[in-house]
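Here's the structure we're looking at; comments come further down.
Read the numbers this way: they start at 1 and go in the same order the structure lists the ligands and their atoms.
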Amino acid sequence: MWTSWTGAPVVKSIRKHTNAFLDCHLMVSDPDKPAPPSIHFIMRHRVIGFHGSLLDDAGKTIESIRTSGMKVGIAIKPGTPVETIMPLAALVDMVLVMTVEPGFGGQTLLLDCLEKVRQLRQTHPELLIQVDGGVTLENLPLVIEAGANVVVAGTLIFSSPDPANVISKMREASRSDVTKNP
Ligand SMILES: O=C(CO)[C@H](O)[C@H](O)COP(=O)(O)O
């Protein structure tokens, strides 16, 4: 259901300042329903993801997002077993493993969820696997070691007095893992 959409103006403002790839997470109950005009702006600017466990016919939704020229992501909440989306993982560009209950930032990363990342990485070596929720500089090495190659960091970056430095440290942590596991 597209009842409340607050992200479009934010994305529109950001787009004025960067050509960076924008990864937009849409938490909607019926992603197959036609979106309102406000969301078309986002859709033209790249990614749409959906929580696979909600869908009866995920294959159709994946195809329709691709046809619109976007990349496709699928998300699983902490309580959703990874097996639920395994059959779809080969059809999407990215799987988002939520490591907190979706809703708000500042929660603690649920370490058990990293086991899903490991299983996905073992079966899909080329997949973009994103981890979202509770990432800190301390647990980032575990997240990367599990197999994540896309990381969301909200509180970590935005609560820092020096966000650029935090981003550099995150990049360093990713590179050192690549060196350890070429
Ligand atoms: O999707 C989210 C909440 O639904 C946030 O992106 C996520 O929780 C960010 O977490 P943090 O602030 O811990 O980095």
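Protein heavy atom closest to atom 14 (O) of ligand 1, with residue, atom name and distance, is G154 N, 2.8 Å. Protein heavy atom closest to atom 4 (O) of ligand 1, with residue, atom name and distance, is G103 N, 2.7 Å. Regarding atom 5 (C) of ligand 1, its nearest protein heavy-atom neighbour is D132 OD1, 3.5 Å. Of the protein's non-hydrogen atoms, G134 N, 2.9 Å is the one closest to atom 13 (O) of ligand 1. From the protein, the heavy atom lying nearest to atom 8 (O) of ligand 1 is F104 O, 3.3 Å.
Under the 4.5 Å side-chain heavy-atom criterion for grouping Ile, Leu, Val, Met, Phe, Trp and Tyr, V82 is connected to L142 within one hydrophobic cluster. Both L120 and I74 are members of a single hydrophobic cluster when ILVMFWY side chains are connected at heavy-atom separations under 4.5 Å. V117 and I76 fall within the same hydrophobic cluster, defined by Ile, Leu, Val, Met, Phe, Trp and Tyr side-chain heavy atoms under 4.5 Å apart, directly or through other members. Residues I85 and I62 are members of one and the same hydrophobic cluster, defined by side-chain heavy-atom contacts under 4.5 angstrom among Ile, Leu, Val, Met, Phe, Trp and Tyr.
Which parts of ligand 1 touch A153 is read off a 4.0 Å heavy-atom cut-off, strictly below it: atoms 14 (O). Of all atoms in ligand 1, listed by their number and element, those nearer than 4.0 Å to a heavy atom of P102 are 4 (O). The distance from ligand 1 to the heavy atoms of V100 drops below 4.0 Å at these ligand atoms: 8 (O). Near M98, with a cut-off below 4.0 Å to any heavy atom, the atoms of ligand 1 are 1 (O). Within ligand 1, the atoms closer than 4.0 Å to a non-hydrogen atom of G106 are 11 (P), 12 (O), 13 (O), numbered from 1 in the order shown.
Considering backbone and side-chain atoms alike, V135 places every N or O at 3.5 Å or more from each N or O of ligand 1. Residue V152 has no nitrogen or oxygen atom sitting less than 3.5 Å from a nitrogen or oxygen atom of ligand 1, judged on distance alone.
The closest approach between E101 and ligand 1 stays at or above 4.0 Å for every heavy atom of the residue.
Across all non-hydrogen atoms, the minimal contact from L140 to A173 is CD2-CB, 3.7 Å. Here the closest heavy-atom approach between residue A148 and residue V131 is recorded as CB-CG2, 3.7 Å. Across E101 and G79, no two heavy atoms sit closer than the pair OE2-N, 4.4 Å.
Between M94 and the options I129, L127, D23, a side chain to side chain contact (heavy atoms under 4.5 Å, CB included) holds for only D23.
Distances from atom 11 (P) of ligand 1 to the heavy atoms of L96, T155, L156 show the closest one on T155.
A 6.0 Å sphere centred on CD of E126 holds no more than 12 heavy atoms belonging to other residues, nucleotides or ligands.
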